[in-house]
Protein chains: 2
Amino acid sequence: MRRMTARPENAHQARLLRLLRDNGSNSRAQLGDLVDLSRSKLAVEVDRLLETGLVVADGLAPSRGGRRSHNIRLAPTLRFLGVDIGATSIDVAVTNAELEVLGHLNQPMDVREGPVAVFEQVLSMAAKLKASGVAEGFDGAGIGVPGPVRFPEGVPVAPPIMPGWDGFPVREALSQELGCPVMVDNDVNLMAMGEQHAGVARSVRDFLCVKIGTGIGCGIVVGGEVYRGTTGSAGDIGHIQVEPGGRACVCGNRGCLEAHFSGAALAGDAEQAAREGRSVQLAARLETAGRLTAEDVSAAAAAGDAVALELIREGGKRLGQVIAGLVSFFNPGLVVIGGGVTGLGHTLLASVRTQVYRQSLPLATNNLPIVLGELGPAAGAIGAARLISDHVFSPA
Amino acid sequence: MRRMTARPENAHQARLLRLLRDNGSNSRAQLGDLVDLSRSKLAVEVDRLLETGLVVADGLAPSRGGRRSHNIRLAPTLRFLGVDIGATSIDVAVTNAELEVLGHLNQPMDVREGPVAVFEQVLSMAAKLKASGVAEGFDGAGIGVPGPVRFPEGVPVAPPIMPGWDGFPVREALSQELGCPVMVDNDVNLMAMGEQHAGVARSVRDFLCVKIGTGIGCGIVVGGEVYRGTTGSAGDIGHIQVEPGGRACVCGNRGCLEAHFSGAALAGDAEQAAREGRSVQLAARLETAGRLTAEDVSAAAAAGDAVALELIREGGKRLGQVIAGLVSFFNPGLVVIGGGVTGLGHTLLASVRTQVYRQSLPLATNNLPIVLGELGPAAGAIGAARLISDHVFSPA
DNA sequence: AGACTTTGTCCTGTGTGTGGAAAAAGAAGA
DNA sequence: TCTTCTTTTTCCACACACAGGACAAAGTCT
């Protein structure tokens, strides 16, 4: 079912749409305070937006001392689809035009099953959400994939953990299937956009967003815009060396950050500790489940298991080393840490902070908050919705 | 002698001025091809620029098949002053509006003598250049200082190697003295701008420019614009750790890049090798000069001294480690290496390349040129001129 | 009820930019 | 040398967009 969503005709209209998205319902008068346009001009543009149907009247605003102003808001029927494809699971969310999540599904799935299987799953999840009544159709979809993307074309490139995805025309194919505009980006970049839109990074212009999942990546935001690098692989910090001659990594080198600390490495370390009998708790868990995950370590740490805590601390130190370097180089205004292992929480955070504040220069670390992401598993999907809304809310 | 240089009235005029700066003399017709303005509009804006005196007529262009077009060029009397204050020397250059160097002076001077003494020297050098006839007055001056700068105010902040400079109102003071607009920036950023304008980085939008001088810094260019970070200390890579528990650094940490490889470290290592009798050549030089510098090592290496070569290779490996990390993170389209030690040249370059290509992922290193800067000691001064010309050629 | 404030609409004047026409200047060919 | 075709430049008329004032509508406060 193809929906022809209207697009703004000019930069002014785009500006207004984004204000309405970010500030919710708003009166014409307030809008006038925010944008620097003459009353007549503003009225004309708003009327045109009303005509297109992107914006609708929404009753009267409370008086500010005189005549009450007419409220307007983005069309309540607009729907964005946010898809976050992780290495081991898929998140799909439906949002309204203000990017509020109306429905959210999560499904375990191995990305290595390939794009066809994955998108079949995604479409079925989207259909399920539609059936639940939160959406009739979609006005745009944002897709996050766990690897580098050639952004303008919306095509994954050389994704190490995603065999079979190289060159798959994600944007093209999904746009066809869903009948709406689609944008594709790295999952880490989307997490950064999510935290910027609705999370801890509101109003910060330059920041880093480190995501620890199966691998490790880093979203880079410069001047409020995501920076993707020359070939779309910016932020790929998982293979920075932290230990010369250290552990062998899947990438062929030794001592990569990811080999020493990541969801996968953490699980491996925990299993080894369990087998060596260093932790009763982990051993018991291994016995029941057959294998261990980062979540198990997180749970054990929460229960006070010394080995689990030490693993997290050690990992945080390694991660902190790398972040310290990035902070010196990039001098961000904020560092956000998120991803599946947010459960490791404050133990990890404390360890990272110690390392960064010790290793980086005062000028860069003064007033540098290092915090956990606020949106949890929804960050990626919200960021995806944000990505496509930026596209839809820009002149055609 | 205060000169009132006119400023463009709008973005179109600014655009035209920059085109003339970057492409030299140009015909009205060619300009029309470049700027997407209607013929009438273009004619009006050009006429206004001619009125202000920023632009002058410059004869007729060769025919392109029909009537010959009128050439215009930036006023030939415009002069910019580019000042590059290094840790141990000062470069001052005078350029015309196209940023071609008309005169250049270099003077050894220790930045630690403080801002008052340094600027006295700078002013005297500027006066000498004036006296030589290349300039009558200046329409703007760009100043590079070897430390972080609060860019909007043009004030150095917490410069580790520049005691006495913290908070000194460089922009304010020099603007007063010179009677023209002044902009201040980190010397490394200016080198990057120099190489971007007239050197190897032309037409590259995202690149890194590593400067190895007394210390080590890195200019970051994102989308053609210098990125300075939240507090102006972006690119300060000298204190990234390369050797856990390594050498003590002046910053208080251990194992910093700068402690293991930089002009200062190299000189120290060479002196030690000379004293230990490991290199006849260096020992002889130490005997004559009383101390060694990075240039001495460079000379010895050129003469085939094994110890000097090994020092450079070892340093290049360390530097390469750090750059490899930055390349993974930033995914630049080019890495430029410059600074005083460019004499170390290809030995250093080879060593850095090996390390980067080995350690970073293929997607980031494919088609990633790592090259030496093209402008040598003039890069900083040209970048400084570029900085101020960008300012002067923007609407007031 | 009256004075004052805020909001929304209407209207007109101004200024800006577009695009066509024609003139100017030169190139190429007969 | 003359004619024809190109390219560049200037001139001009028309359309359009926008700002800002005037006024009406809708509220608040005394």
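Note on naming: letters A, B, ... go to the chains in the order of the sequence lines (proteins, then strands), and numbering restarts at 1 for each one. This one's a predicted model, so the numbers in the text were calculated from it and none came from an experiment. Atoms considered below: every heavy atom in the structure, side chains included; atoms not considered: hydrogens, waters and symmetry mates.
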Q: Please determine if a side-chain N or O atom of S63(A) lies less than 4.0 Å away from the OP1 or OP2 oxygen of dG27(D).
A: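 The answer is no; no side-chain N or O of S63(A) sits under 4.0 Å from OP1 or OP2.
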Q. According to a strict under-4.0 Å criterion, is R64(B) in side-chain N/O contact with OP1 or OP2 of dT8(D)?
A. yes
Q | Polar side chain donor-acceptor pair, N23(B) to E98(B), under 3.5 angstrom | A |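 Absent: no donor and acceptor within the cut-off.
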Q) Any donor-acceptor pair under 3.5 Å between the side chain of R68(B) and the base of dA25(C)? A) no
Calculate the interatomic distance between [X] atom [atom1] and [N] atom [atom2]; express it in whole Å.
| X | N | atom1 | atom2 | value |
| --- | --- | --- | --- | --- |
| R67(A) | dA24(D) | CZ | P | 13 Å |
| H70(A) | dT6(C) | NE2 | P | 17 Å |
| D33(A) | dT6(C) | CG | C1' | 11 Å |
| I72(B) | dT8(D) | CD1 | C1' | 14 Å |
| D47(B) | dT8(D) | CG | P | 17 Å |
| D36(A) | dG20(D) | CG | C1' | 14 Å |

Q: Remember a base hit wins even if backbone is also touched, and classify R39(A) as base, sugar-phosphate or nothing at under 4.0 Å, heavy atoms.
A: base
Q. Under 4.0 angstrom, heavy atoms only, what part of the nucleic acid is S40(A) near: base, sugar-phosphate, or nothing?
A.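 Touches a base.
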